[in-house]
Every structure is written in C-alpha cells, then in structure tokens.
Amino acid sequence: MNTWISDYLQTLKLKQETPSRKYLKKIIRAHVRTFPFENVSKLLLYQQYKGSAPLPSIEKFLEDHRNYHTGGTCFALNSCLFDLLKSLGFKGHLIRPGEEHMAIILHDPEINGRLLYVDVGTTAPLFDPIPFHGRKHSIPPFAGEKLLFLPGEEYGEYTYIRVRGDQITDKKWTFSVFDKMKLEDFEPWVTLTFRKEALFMNVLRCQLWQPEKRRGLSLVNRKFTIRNGNGGVLTKILPNRNALQQVLMDEFKMPKLPVTEALDILSDKDVDIFSENP
C-alpha cells in the first residue's frame, strides 16, 4: 500500500477493505467528520501565491490537516477523496454539477450498471452514496436540511435541490452523470474561486458535520450555528476573535486552525467580520 493511502486511511481511522457500498459509506462518513469544509486554508493559499493557487497534493492535504486541522472547499475535498477511492479499487469519474463545484460519480461495486453520486464538499448532509436509477431521490432530512435529486428529460440528467425547512436554498444545480471531467479540466473554475470578488475571498467559513452526534456546526463570519438532527437550531453571534477561537477549540475541536492569519488577510482586504455589516 502506498504511504499516502495508509496515512489517509489512518487519518480516517479506517482499514482497507474490498470496494463495497458499505465500505464507501464508512469512508464518506469518516471524511465529513474528519475534514472540515473551510476556507481558512484557501485564504492562506491566496496570500502565499498572490492570487490563484493549485489544488493541494494529497500529501499536502494530509500534512496540513495534521498540522493545522484544515480540510478545504469542494475542489480540495472531493479531488483528494476521488484519488483515494480510485486507489482503493473504486471506479468512476468527476463531474461539475454547479458553476464552481466538483462531485464524484462512482460505478456501484455491487450492482452492474448503476451509478452512485458522492460529495463530501457541500454544506448539505450527504453522508451516503446516492444511487441514480432514473427516479426522484430524496435524502432524509438531517439538521433541518434535505436534498432532492430530480430526474430531467435526458437520460442521466438530474437537478440537485437543497431545502432548509420549507424553503429551497440557493443550491440548485442541473447536471448529467455522464459529463465526465478530469482533474485538469477544473483548473479554470478553481482559478475563478480566487478572484478578489469571489465568495471565499471575502468571508470566513468553517463547517463540520458530526453524524455520530447528529448535529452540524457552522461558522459564517461571526455567526456560529449548531443544527441538531431533529431540526433544532442554536445560533450565537461571536463578539471578537477570542470568542471565535474559543468556539473552534471547544466545539469544532480544531484549536490549530490558523484563523488569526485568515482574519488578518480578510482585514487587509477591508473585510471586518465583526462589524455589523462585514
């Protein structure tokens, strides 16, 4: 086994197994509770490269998590997971369901001809591989959110809709499971996410799902939210940097996340997350 594969599985607290849906589910759940969805690392890359940066290698991805508790946004999270899955014997390809998003399509290792949707880089609760079979698929609600995959007119076409409460959020993507893309095909879209006006260049974001506790933690600028599996929501407005770092340490269990450096980068861009209108 390659060193990085062993390191990856050890980080996920998993052992290597024969490809199966059960094993895939283990990997997905371990991934979402281990690697946060965060843009702190992205802001630091922006500063380091003075603009757009390449996707991290798996070795760099694992090293930074070990040293700084980082994860990444969808491109880093899903590209690294895809390489791991391929190395473990799963077959599939990448797709771009949204303008600035990446997801994974796998061949079901147990049912010939069936495809599975995998995504550990979204804020929605995708804890399991989603089977595509030409019918509407609804993901059971978790922490007040649920997903719908609606089949389109063309075979293999679906629309992804995220619902919170009774409201459709801004996530609504139409895609084909057959629109195969290679990692290098995403380079123009990765570059766009480093534009000065891009969302993750002007906000502080960190999210971590805790399936075993049936809750999700979300930090958007100074707004900290806990969403429980039964739909309950607790929100707290953090007054300063110390309070923010305390939440990362006590709730997220990520004391090494370099949030101070990220806040300084945002401050240099005239973004003050503790103002009334950051």
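Atoms considered below: every heavy atom in the structure, side chains included; atoms not considered: hydrogens, waters and symmetry mates.
The distance from the CD atom of Q207 to the OG1 atom of T73 is 13.0 Å, given to the nearest 0.5 Å. Atom-to-atom distance recorded for L248:CG and K256:NZ is 14.0 Å, nearest 0.5 angstrom. Atom CG of residue D83 and atom CG of residue L88 lie 11.0 Å apart, to the nearest 0.5 angstrom. Annotation: the span from I95 atom CD1 to F178 atom CZ amounts to 11.0 Å, rounded to 0.5 Å. Put simply, CG on L115 and NZ on K91 are 15.0 Å apart, with the number rounded to the nearest 0.5 Å. Note that the CZ atom of R29 and the CG atom of D128 stand 4.5 Å from one another [nearest 0.5 Å].
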Problem set entry | From CA spacing to verdict: side-chain contact (heavy atoms from CB on, under 4.5 Å), I27, V118 | CA-CA 11 Å; I27 294 172; V118 174; over 6 Å; no
Exercise. Which is it for D119 and H101 under the side-chain contact (heavy atoms from CB on, under 4.5 Å) test, yes or no, and what are the steps along the way?
Worked result: CA-CA 10 Å; D119 189 353; H101 192 62; 2.7 Å; yes
For this session: Show your reasoning for whether ring-ring contact (aromatic ring centres under 6.0 Å, His included) applies to F61 and F35.
Result: CA-CA 10 Å; F61 176 72; F35 297 103; 4.7 Å; yes
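Contact check for V40 versus C206: no side-chain heavy atoms found under the 4.5 Å cut-off. M201 has its side chain within reach of K42: a pair of non-hydrogen atoms, C-beta onward, lies under 4.5 Å apart. Between L266 and L43 there is a side-chain heavy-atom pair separated by less than 4.5 Å. At a threshold of 4.5 Å between non-hydrogen side-chain atoms, the residues E261 and Q47 do not count as touching. Contact check for R205 versus F37: side-chain heavy atoms found under the 4.5 Å cut-off. M254 has its side chain within reach of P36: a pair of non-hydrogen atoms, C-beta onward, lies under 4.5 Å apart. In this structure, the side chains of L244 and L204 come closer than 4.5 Å at one or more pairs of heavy atoms. Using a 4.5 Å heavy-atom cutoff, the side chains of F200 and T193 are not in contact.
Between V190 and A53, the shortest heavy-atom distance links the atoms CG1-O, 3.9 Å. Residues L183 and M102 share a closest heavy-atom pair of CD1-CE, 3.8 Å.
A salt bridge is absent between E110 and K22; no separation between the charged side-chain nitrogens and carboxylate oxygens falls under 4.0 Å. Between R21 and D108 a salt bridge is recorded (basic side-chain N to carboxylate O distance below 4.0 Å). The existence of a salt bridge linking D7 and R66 is confirmed by a sub-4.0 Å separation between a basic side-chain nitrogen and an acidic carboxylate oxygen.
By the criterion of side-chain heavy atoms lying less than 4.5 angstrom apart, applied directly or through intervening Ile, Leu, Val, Met, Phe, Trp or Tyr residues, L116 is grouped together with M181 in one hydrophobic cluster.
A donor-acceptor contact shorter than 3.5 Å is absent between the side chain of T34 and the backbone of L12.
Partner of Q210 under the side chain to side chain donor-acceptor pair (under 3.5 Å) criterion, out of R33, E251, R215: R215 alone.
Using the six-membered ring where Trp is involved, F224 and F252 have ring planes that are tilted, between 30° and 60° apart. Under the 30°/60° scheme for interplanar angles, the aromatic rings of Y117 and Y160 are found to be tilted.
Checking Y8 against H65 by side-chain atom types alone, no donor-acceptor pair falls below 3.5 Å.
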